Amino acid sequence: MKAQLERLALAYQAAGLSASEFVSAGDYHQQGSGTYFVGTIGEDHVQLSTLGPFAGCWREGEPSPPDAPVLRLLREQGWQVLDAQTLGTVISGLNVYFFGRREPLHVSDLVFYWQD
């Protein structure tokens, strides 16, 4: 993951996009741990999964617009950017403990998992 984040930093710097440092979900939430890193690139809040090359991008609480520069940048760097439909898909039968419950979860909760 460290090497992927370093390559991404070089790419967004070369593209002239500002970004924050990416931190683990546990550091971001100031407790626990998780399966992703969190940061911003340009106007977009970005989550990068450690479970695979999956990325989720949001702007003002909604999925980033399809023409957001960050989406192209991430795809060029080998990340599979998950769209709103995929992130919202509910998966049943996995029995994952998630904040005190064991219910079907959205892809966004399964891929970008954090627990204190």
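None of the values given here were measured: they were computed from a predicted structure.
Within 6.0 Å of CD on Glu21 lie no more than 12 heavy atoms contributed by other residues, nucleotides or ligands.
Using a 4.5 Å cut-off between side-chain heavy atoms of Ile, Leu, Val, Met, Phe, Trp and Tyr, with links allowed through other members, Ile41 and Trp58 fall into different hydrophobic clusters. With hydrophobic clusters built from ILVMFWY side chains whose heavy atoms lie under 4.5 angstrom apart, Leu51 does not share a cluster with Leu5. Connection of Val107 to Tyr36 is established within a shared hydrophobic cluster, with ILVMFWY side chains joined at heavy-atom distances below 4.5 Å, either directly or through further cluster members. Hydrophobic clustering places Phe54 together with Val38 (ILVMFWY residues linked when any side-chain heavy atoms are closer than 4.5 Å, directly or through intermediates). In this structure, Val46 is not a member of the same hydrophobic cluster as Leu10, with clusters built from ILVMFWY side-chain heavy atoms closer than 4.5 Å.
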task: Go through the steps to decide whether Asp44 and Leu71 satisfy the test side chain to side chain contact (heavy atoms under 4.5 Å, CB included), and finish with yes or no.
output: CA-CA 9 Å; Asp44 302 277; Leu71 302 181; over 6 Å; no

message: Does Leu8 form a side chain to side chain contact (heavy atoms under 4.5 Å, CB included) with Phe37? I'd like the steps, not just the answer.
response: CA-CA 12 Å; Leu8 182 58; Phe37 279 72; over 6 Å; no

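In this structure, Asp109 and Val96 have side chains that are not in contact, with every pair of non-hydrogen atoms separated by 4.5 Å or more. Within the 4.5 Å cutoff, no side-chain heavy atoms of Val111 are placed close to those of Gln47. Here the side chains of Tyr12 and Gln77 are not in contact, with every heavy-atom distance at 4.5 Å or above. Between Phe112 and Leu87, some side-chain heavy-atom pair lies under the 4.5 Å cut-off. Using a 4.5 Å cut-off on side-chain heavy atoms (C-beta onward), Tyr28 and Phe22 make no contact.
Classified by interplanar angle (parallel below 30°, tilted 30° to 60°, perpendicular above 60°), the ring pair Phe98/Tyr113 is tilted. Under the 30°/60° scheme for interplanar angles, the aromatic rings of Phe99 and Trp114 are found to be tilted.
In this structure, Thr86 OG1 and His106 NE2 are separated by 12.5 Å, a value rounded to the nearest 0.5 Å. In this structure, Asn95 CG and Ser92 OG are separated by 11.5 Å, a value rounded to the nearest 0.5 Å. For the atom pair OG1 of Thr35 and CG of Leu48, the computed distance is 11.0 Å after rounding to the nearest 0.5 Å. Note that CG of Leu74 and CZ of Arg72 are 10.5 Å apart. Values are rounded to the nearest 0.5 Å.
Screening Ile91, Val90, Leu110 for a side chain to side chain contact (heavy atoms under 4.5 Å, CB included) with Pro104, the sole residue that qualifies is Val90. Here the options are Cys57, Ser18, Ser20, the test is side chain to side chain contact (heavy atoms under 4.5 Å, CB included), and the partner is Thr40; only Ser20 passes.
Arg59 and Pro65 make their closest contact through NH1-CG, 3.5 Å (heavy atoms, listed as atom of the first residue, atom of the second, distance).
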